[in-house]
Every structure is written in C-alpha cells, then in structure tokens.
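Down below is the structure, laid out as structure tokens.
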Amino acid sequence: MCIRDSMQRDGIDVLWLMAPESMYYVSGYKAIWYQAQSPKQWPATSGIAIHRERDDFILFDTPSEAIMCRFVTCARDVRVFPMTGRRDGIAFIVEELKSSGWLDSGVLGMEFHSYRPNPAVSQRFRDAFAASGMAVRDGSDVLREVRWIKSDAEIACIDKAAEITDIGLEAAGRAIRAGVSELDVYAEIYYAMARAGGEHPGITLPVNSGLKANCGHALASRRTIRAGEQVNIDVSGVYERYHANAGRSFYVGEPPADVLEYHRLSAGVFDVIDSILRPGLPVAELVQKTRAYYEDVGIWSDAGWVGGYELGLAFPPDWVGNYVYEMTDTDSEKILEPNTVVNFESQFFSPRMSGITYYIDTLLFKADSATRPLTFKPELVIVDA
C-alpha cells in the first residue's frame, strides 16, 4: 500500500510528517540534529506535507539546512523559512500550504506518537492547522503501517546490515578480555562496523559485564571486565538507516557447568524457530511453539523478556519498530508476510546471578524464503581470561 492509499483509507486529506524516519522514508532526508531537546528559541518545525490528491510533497526547512536538503533529499519542492524567524516556521508553513490550496477544509493528520516535535510545539501546530480550517487528527499509523512491508531494495539493505552486525559481534569477541573496560569493547564494536560501512545505530550499544549482565539496557561504562564474568552486548548493524539486530552473551574464562547448560537451553529456541521459519509464518504459531519449548526444557519461570519487534528504518534514539509481539500473543492474527523483518529475543535469568541469557536474532522474510541472516551463532561464547 502506498502512502496516499493509506491516507485515503484513513480519511486524511493532508499528512504532516516530522518524525525522522518518516522524513527519510519519503524524501531521503537525514541529519545529525533534529532539535529533539533544543532551546525554546529553536523549536523543531521542519517537516514534510503530503496531499492525497497531489503527486508531489513539500519539504519545509530552516535556512540553515537549505543546502543540505539539496544534497540528501529527492525533494523537488523545498520551501525555506524566511530569515526573519528563521528557526520557527509554523506561521510560514501554514501560509504556504494555504496559498497552495492544501488547507481550508478537510482532515489533516499529524504524528501524535512521535517524540518530534515536543508536546508544546506539537500543540502550536495543531492550533495553527485547526485555525486554518482543518480538522486535526492522529495520522501516526499511516507511515508506520506502510513501512511494515518492505521493498526488495529495503530488504537488501537489511541483508547488508546483517553482515555489518556480524562484524560487530566478531569485534566484540576479540575485544572482551579481563582487564579491559566496557567502553573499550564498545569502541572496538563501533570501529569495526564503521570500517565496514556501518552507520550510527538507533540505540547506543550496551556492553554489560558482571552483575550488570543482569540488566538489559544499562550503558557501557568505565567498569573493568574481570575473569569469571559474563558480558552481554546488543548490536545493530546499520546500512542506509536499515537495522539488523543481534544480542550475544560472552563469558571470560570457563563458565560453571550449570550456567553453560542454561545458556544452551535458552539459545536452543532458535532450532525450534528454524524448523518453522517460512514466509507467511503466523505470529501465533511462533509464540506457541517457542513458549512450549521453554516450558518443556523447564526454564519458562525464569523468563526476563521474550518476544520481538519490527526492524527496519530507524534513527536515534530508537531502533524498535512499530509492531511488537510477546509470549502472551497466542491468539494473534498477525502474519509475518514476505518482505517483513522482526527480531526474536530469548532473555532468561541464568543461575548464580551470572546474567541474562542475551540471545537476540533477526528473522528476515523474503518472497520465497525466510532466514536468520546472521552467521554469528547464538551460544555462550567463551573467551580467554
């Protein structure tokens, strides 16, 4: 489904987009700064307008980004805020859209579920669009649902992102040793992926050692890794802003036998997934068969978080996509159709408070096949102390 078809379905005449992912998807726009936490004097007001009956879109931006818009977007209609009030374009945007015949009556959709802009600026946009004669409603789902089914070109980007993810995992394995810091490992992962053409991921990559390995989302720190500790990493390789995701657990020195066996059981779920993986896989089947496996091997009661979410196009501060499934979704009607991508996370609290079993893999569904495109095996990796 294309964007304008989705707008027609939802009864939206004009769609106003400000989420970084939406601006990129429509135009190729990408920047280092989106004014996410900007001063009040510099509100985030750049964005893209789409009319469901017009062939082209309008990109609005500040004079500071006028040159960049020519280099990084395919936009043919770029309208730059005037130098007076150059940072705050709301009045200019409304005036331009009215003079173009886009505003007066009808329904305008905004992305209420995007962090950009902040609530204060969002309310100013809502008030200005309403004052122009438009009924304003939430249009967050238009782009999010269109992006669920990827093109073959997008799938190729995720294949490349998976290659970069493997390189990051291999770099982690080389870097993790007793005496190095979590930040040392973090630096080696980033360096290796950047050398391979990888871009900055949507989430800062965690490297968690020792008791911190029981956390899923702690930041890498100056903490020194010690012998006899588990180290968890969560890596996303990125290519043209498309993400593949993997989590792996490492152990510095020989792990206790019960810890090693527990990790084997947690990672064993991917054999179950491989046995059912196919285009058109129902989420309910994925959930039912993986949960049954965990119950059969006796670890279900130790679950931290098990499930997955949509992967694909993402910008900081997040790579988690719009669709999420959990182990309670046994009656879900969702289908993992061709050209969709999700991850699967198998996180359980292992013995001796050694850490979460941090096994995350990407599931990629193509027209005639479904794969886990990463080659770095999900298992407890033992490194020399």
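Note that the coordinates shown come from a computational prediction; the quantities given were computed from them, not determined experimentally.
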Walk me through whether H263 and S266 qualify under side chain to side chain contact (heavy atoms under 4.5 Å, CB included).
CA-CA 5 Å; H263 277 260; S266 177; 5.7 Å; no
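- The nearest pair of heavy atoms linking D13 to M7 is O-CE, 3.5 Å.
- Considering every non-hydrogen atom in both E240 and C157, the closest pair reads CB-SG, 4.0 Å.
- Counting only distance, with no hydrogens or angles, the side chain of E182 and the backbone of S221 share a donor-acceptor pair below 3.5 Å.
- A salt bridge does not link E170 with R248: every distance from a Lys NZ or Arg NE/NH1/NH2 to an Asp or Glu carboxylate oxygen is 4.0 Å or more.
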Working note: F112 + R137, criterion side chain to side chain contact (heavy atoms under 4.5 Å, CB included); need CA distance, chi angles, decisive distance, verdict.
CA-CA 8 Å; F112 292 170; R137 73 166 63 153; 5.6 Å; no
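- Interatomic distance, I164 CD1 to I158 CD1, rounded to the nearest 0.5 Å: 12.0 Å.
- At least one test fails for R372 against the ring of F344: distance under 6.0 Å to the centre or angle within 45° of the axis.
- Shortest non-hydrogen contact noted between I12 and R52 is O-CD, 3.2 Å.
- Here the options are T340, V342, V320, T362, the test is side chain to side chain contact (heavy atoms under 4.5 Å, CB included), and the partner is L311; only T362 passes.
- Between I48 and F57, the shortest heavy-atom distance links the atoms CG2-CD1, 3.8 Å.
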Begin from the C-alpha positions of K366 and D159 and carry the test salt bridge (Lys or Arg N to Asp or Glu O under 4.0 Å) through to its verdict.
CA-CA 11 Å; K366 297 183 179 180; D159 267 327; 2.8 Å; yes
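- Using cut-offs of 30° and 60° for the angle between ring planes, the W16 and F125 rings count as tilted.
- A donor-acceptor contact under 3.5 angstrom links the side chains of N232 and S249, judged on distance only.
- Under the 3.5 Å distance criterion, with hydrogens and angles disregarded, a donor-acceptor pair is assigned to the side chains of D302 and Y262.
- A salt bridge links E163 and K160; the closest N-O separation between the charged side-chain nitrogens and carboxylate oxygens is under 4.0 Å.
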From CA spacing to verdict: salt bridge (Lys or Arg N to Asp or Glu O under 4.0 Å), D55, R4:
CA-CA 9 Å; D55 290 334; R4 290 190 298 169; 3.5 Å; yes
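- Cation-pi geometry between K334 and Y325 is not met: the NZ or CZ atom fails to fall both under 6.0 Å from the ring centre and inside 45° of the normal.
- Side-chain N or O atoms of Y294 include none that pairs as donor or acceptor with a backbone N or O of L265 at under 3.5 Å.
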Is there a side chain to side chain contact (heavy atoms under 4.5 Å, CB included) between Q35 and T62? Walk through the geometry before answering.
CA-CA 12 Å; Q35 304 90 42; T62 70; 5.9 Å; no
Please report, to 0.1 Å, the donor-acceptor pairs under 3.5 Å made by any side chain of residues 375-385, with sequence neighbours excluded.
from	atom 1	to	atom 2	distance (Å)
T375	OG1	D166	OD2	3.0

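- Minimum interatomic distance between G89 and T45 (heavy atoms only, all atoms of both residues): N-OG1, 3.1 Å.
- In this structure, R226 and V252 approach most closely via the heavy-atom pair O-CB, 3.7 Å.
- Defined by atom type and a distance below 3.5 Å, a donor-acceptor pair is present between the side-chain atoms of W305 and E326.
- A salt bridge is defined here as a Lys NZ or Arg NE, NH1 or NH2 lying under 4.0 Å from an Asp or Glu carboxylate O, and R79 with D77 meets this definition.
- No hydrogens or angles considered: a donor-acceptor pair under 3.5 Å links the side chains of D61 and Y29.
- Interatomic distance, N245 CG to L363 CG, rounded to the nearest 0.5 Å: 10.5 Å.
- Under 3.5 Å, the side chains of E65 and S46 contain no donor-acceptor pair of N or O atoms.
- Between the side chain of S27 and the backbone N or O of Y24, no donor-acceptor pair lies under 3.5 Å.
- Remark: side-chain polar atoms of N214 are paired, donor with acceptor, to backbone N or O of L211 under 3.5 angstrom.
- For the pair R87 and F81, the NZ or CZ position fails the cation-pi test of under 6.0 Å to the six-membered ring centre and within 45 degrees of the ring normal.
- When ring centroids are compared, Y359 and F270 stay outside the 6.0 Å threshold.
- The only option from K212, R177, R223 that meets the salt bridge (charged side-chain N to carboxylate O under 4.0 Å, His left out) definition with E229 turns out to be R223.
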Could you go step by step and tell me if E188 and V207 meet the side chain to side chain contact (heavy atoms under 4.5 Å, CB included) rule?
CA-CA 11 Å; E188 293 299 325; V207 178; over 6 Å; no
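- Other residues sharing the hydrophobic cluster of I32, ordered by chain and number and joined by side-chain separations under 4.5 Å: W33, W42.
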